[in-house]
Amino acid sequence: MRRFCHVPRGRLPAAASHNHQPLPPPEWIEPYPDLADPSPYASASAAPPTPSPWLPRVISLILRSPPATLAADLRAFCKTFLLRLSPAFVAAALRSPQLAPHPLPSLHFFRSLPNGADLLAHPQSLISCYVSLLHSFARSKETAPDAAGQARQLVAELRAHGDAVLQHLTPASSASLIRSLAALGLSEELLWAWQAMRLAGVEPTRLTYNCLLDGLVNAGLLDTAINVFDAMSTEDRVRPDLVSYNILIKGYCRAGRLQDAMAQLADMREQAELAPYSPMYTALIDSMGKFGREKEAMALFERMKASRIELDAVTYGVVVNRLCRFGNMDEALTCFRSCVEKGVAGNAIFYTSLIDGFGKAGMIDQAQELFKEMGTKGFVPDSYCYNVLIDALVKAGRVDDACALYKRMEDDGCDQTVYTYTILIDGLFKKHKNEEALKFWDSMIDKGITPTAAAFRVLANGLCLSGKFSRACKILDELAPMGVIPETAHEDMINALCKTGRFKQACKLADGIVKKGREIPGRVRTMMVNALRKAGNTDLAVKLVHSKIGIGYERSDSIKRRVKFQTLFE
DNA sequence: ATAGGGTTAG
């Protein structure tokens with residue numbers, strides 16, 4: 001039996017706007033009025049609680065309102081209808097499926113709450129808000145700008161609330177937290193969350209364990225992951241399952257420890273009779289190929305075929321990709337066709353590998369043919385697919401066609417990625433279309449796409465090769481306030497300068513970086529030596545080799561000083 | 001719900 005729960009508990013607009021009498025104080029609104037004020041029959045009812053009608057209204061206000069005015073809009077809304085958002089209401093709004101796909105509006109809402117909406121007095125709701133926000137950023141980490149950075153900030157805030165709040169972590173909120181942090185690749189925060197969960201007395205489930213394992217493996221913390229796996233193995237309740245094994249095998253594969261991965265596979269095979277081994281074999285075949293052990297990869301594929309393990313689209317996809325990477329296009333195409341004949345459905349990923357293979361082999365016609373074919377088969381090209389074809393066109397010297405395809409991506413509603421821009425910028429510089437290349441760089445930044453080290457490398461190379469060294473420096477400086485410093489940016493600039501024979505400038509840049517407290521990796525020295533040699537500047541190359549430039553210190557006036565790169569020219 | 005595959009670069 002339900003009460004009149006469809007009636008909003010706040011005052012209705014008509015009542016508020018025509019009321020000239022003194023107004024009563026605002027009323028708290030709860031997300032689920034029937035729970036806030038339960039009738040004796042409520043618990044007997046199997047029906048889910050009915051959300052307050054205010055919930056969708058507030059949510060649509062959050063989604064409609066620009067960030068700059070959201071706080072004021074919320075205040076006005078609450079004033080008009082004489083209501084106050086309860087902590088549980090705020091938490092429910094952030095948890096709602098309507099807000100979950102929109103991390104930024106959600107975050108703005110959270111930040112615009114008057115007096116923090118009393119959340120501090122309600123740690124359960126406070127935790128729920130943070131957990132929902134983190135979940136929201138995790139699921140849109142590809143599209144939300146700097147999702148990981150935002151998430152890191154949120155975790156720092158949550159941590160700062162201390163144990164009094166964190167002891168209210170529930171099994172569900174801890175699990176969600178761990179899943180989100182693992183997905184975002186925040187390993188330090190992930191380990192903290194694990195500890196906080198244990199401190200709150202929450203027992204991890206196998207799923208939570210697996211999420212932790214996967215997060216650690218993806219962050220490259222294999223040793224920690226192995227410890228976690230061993231800890232699982234000693235506890236009956238959460239013994240490693242197929243997924244745990246798979247994650248660990250992936251970790252070994254990525255670290256190049258293929259022997260250990262094989263041993264893990266054998267270990268797994270002892271544990272169970274007929275299990276879905278396909279993912280483990282696939283990971284191994286893929287890694288064997290990527291570490292240059294093509295023969296062993298194919299041997300493993302044959303072993304898989306001989307056993308009764310099912311070969312699915314992913315396994316075939318890996319094999320086709322390895323053949324394409326090897327330039328073995330006949331065999332790749334044959335493998336793909338036979339896979340389809342066996343009833344395993346093709347997909348866009350197969351086509352991406354094949355188009356890329358043909359493109360890299362300089363067979364642009366075949367690449368375009370396959371792009372057409374996939375359309376007729378009903379597979380929709382995604383950004384990977386567009387990127388490989390754009391790359392193929394660029395490599396064939398057809399930059400204009402590549403740019404046309406870039407436009408078509410837009411029309412097809414397919415998001416351009418940092419790869420798209422890197423490929424095009426590189427191609428345009430190689431055709432000496434510098435201004436166009438810079439335009440693409442700007443539109444990438446405008447779109448909120450974070451340039452990678454590779455993206456900056458093609459820009460720095462292109463600009464330095466055409467003598468526009470200072471322009472490259474300026475762009476690098478502009479990135480810093482955005483929190484973007486491509487890892488190898490300085491190194492790449494030095495490299496580009498050396499390649500064009502501007503050694504003095506390269507040395508000046510290197511010294512400037514050291515002065516800012518950054519280290520110059522040893523390989524920069526090696527690279528400089530090689531470039532000097534190549535330029536026929538043997539004397540300077542020899543001088544550099546026998547000096548302590550970039551690696552050591554000298555004493556003068558009993559003061560220890562770094563040996564500057566510029567001393568090369570003294 | 002957690003696990004395996006595709007795109008830059010010398």
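The chains referred to below are lettered A, B, ... by the order of the sequence lines, with proteins before strands, and numbering in each begins at 1. Computed from a predicted structure; not experimentally measured.
- Trp194(A) has its CH2 atom 17 Å from the P atom of dT2(B), to the nearest Å.
- Contacts of Phe350(A) with the nucleic acid, taken as non-hydrogen atoms under 4.0 Å apart, include base atoms.
- Closest approach to the Ala454(A) side chain among dA9(B), dT7(B), dG5(B) is made by dA9(B) (side chain taken as heavy atoms from C-beta onward).
- Within 4.0 Å of Lys290(A), counting heavy atoms only, lie sugar-phosphate atoms of the nucleic acid but no base atom.
- Contact annotation for Leu207(A): base contact, defined as any heavy-atom pair under 4.0 Å involving a base atom.
- Residue contacts shown for Thr208(A) are absent, as no nucleic acid heavy atom lies under 4.0 Å away.
- Contacts of Val314(A) with the nucleic acid, taken as non-hydrogen atoms under 4.0 Å apart, include base atoms.
- Under the 4.0 Å criterion applied to side-chain N and carboxylate O atoms, Lys407(A) and Asp411(A) are not assigned as salt-bridge partners.
- Among the heavy atoms of the strands, none lies under 4.0 Å from Asn461(A).
- Within 4.0 Å (heavy atoms only), Ala175(A) reaches no atom of the nucleic acid at all.
- Rounded to an integer number of Å, the gap from CG of Asn530(A) to C1' of dG10(B) is 13 Å.
- Closest contact between the side chain of Asp356(A) and the listed nucleotides dT2(B), dG10(B), dT7(B) involves dT7(B).
- In this structure, the CG atom of Leu265(A) is 15 Å from the P atom of dG4(B), given to the nearest Å.
- Ala182(A) comes within 4.0 angstrom of nothing in the nucleic acid, heavy atoms only.
- Atom CG in Leu242(A) sits roughly 13 Å away from atom P in dG4(B) (whole-Å rounding).
- Taking atom CH2 of residue Trp441(A) and atom P of nucleotide dT8(B), one finds them 18 Å apart after rounding to whole Å.
- Sparse packing is recorded around CZ of Phe326(A), with 12 or fewer heavy atoms of other residues, nucleotides or ligands lying under 6.0 Å away.
- The base of dG6(B) sits with one of its N or O atoms less than 3.5 Å from a complementary donor or acceptor on the side chain of Asp382(A).
- The aromatic ring of Tyr419(A) is stacked on the base of dT7(B), with the two ring centres less than 5.5 Å apart and the planes inclined by under 30°.
- Contact annotation: Lys395(A) reaches the phosphate of dA9(B) (side-chain N/O to OP1 or OP2, under 4.0 Å).
- Counting atom types as modelled, Ser353(A) pairs no side-chain N or O with a base atom of dG5(B) as donor and acceptor under 3.5 Å.
- With hydrogens and angles ignored, the 3.5 Å screen pairs no side-chain donor or acceptor of Thr488(A) with any backbone N or O of Glu491(A).
- More than 12 heavy atoms of other residues, nucleotides or ligands lie within 6.0 Å of CD in Glu478(A), so this atom counts as buried by the packing criterion.
- Following rounding to the nearest Å, Ile390(A) (CD1) and dG6(B) (P) show an atom-to-atom distance of 19 Å.
- By the 6.0 Å contact criterion, NZ on Lys431(A) is open, its count of non-hydrogen atoms from other residues, nucleotides or ligands being 12 or less.
- In this structure, of dG6(B), dT2(B), dT7(B), it is dG6(B) that holds the atom nearest to the side chain of Ile349(A).
- You'll find that the side chain of Ala283(A) is closest to dG4(B), out of dT2(B), dT8(B), dG4(B).
- Between the side chain of Thr282(A) and the base of dG5(B) there is no donor-acceptor pair of N/O atoms closer than 3.5 Å.
- Residue Tyr384(A) contributes atom OH, which lies 12 Å from atom C1' of dT8(B) at whole-angstrom precision.
- Side chain of Pro279(A), nearest nucleotide from dA3(B), dA9(B), dT2(B): dA3(B).
- Nearest nucleotide to the side chain of Ala348(A), out of dG4(B), dG6(B), dA9(B): dG6(B).
- Residue Lys250(A) places at least one side-chain N or O closer than 4.0 Å to OP1 or OP2 of dG4(B).
- Asn434(A) CG to Ser466(A) OG: the interatomic distance, rounded to the nearest 0.5 Å, is 4.0 Å.
- Each of Phe379(A), Tyr351(A), Tyr386(A) was compared with Phe371(A) under the ring pair (Phe, Tyr, Trp, His ring centres under 6.0 Å) criterion, and only Tyr386(A) meets it.
- Atom-to-atom, CG of Asn246(A) to C1' of dG5(B) comes out at 13 Å; the value is rounded to the nearest Å.
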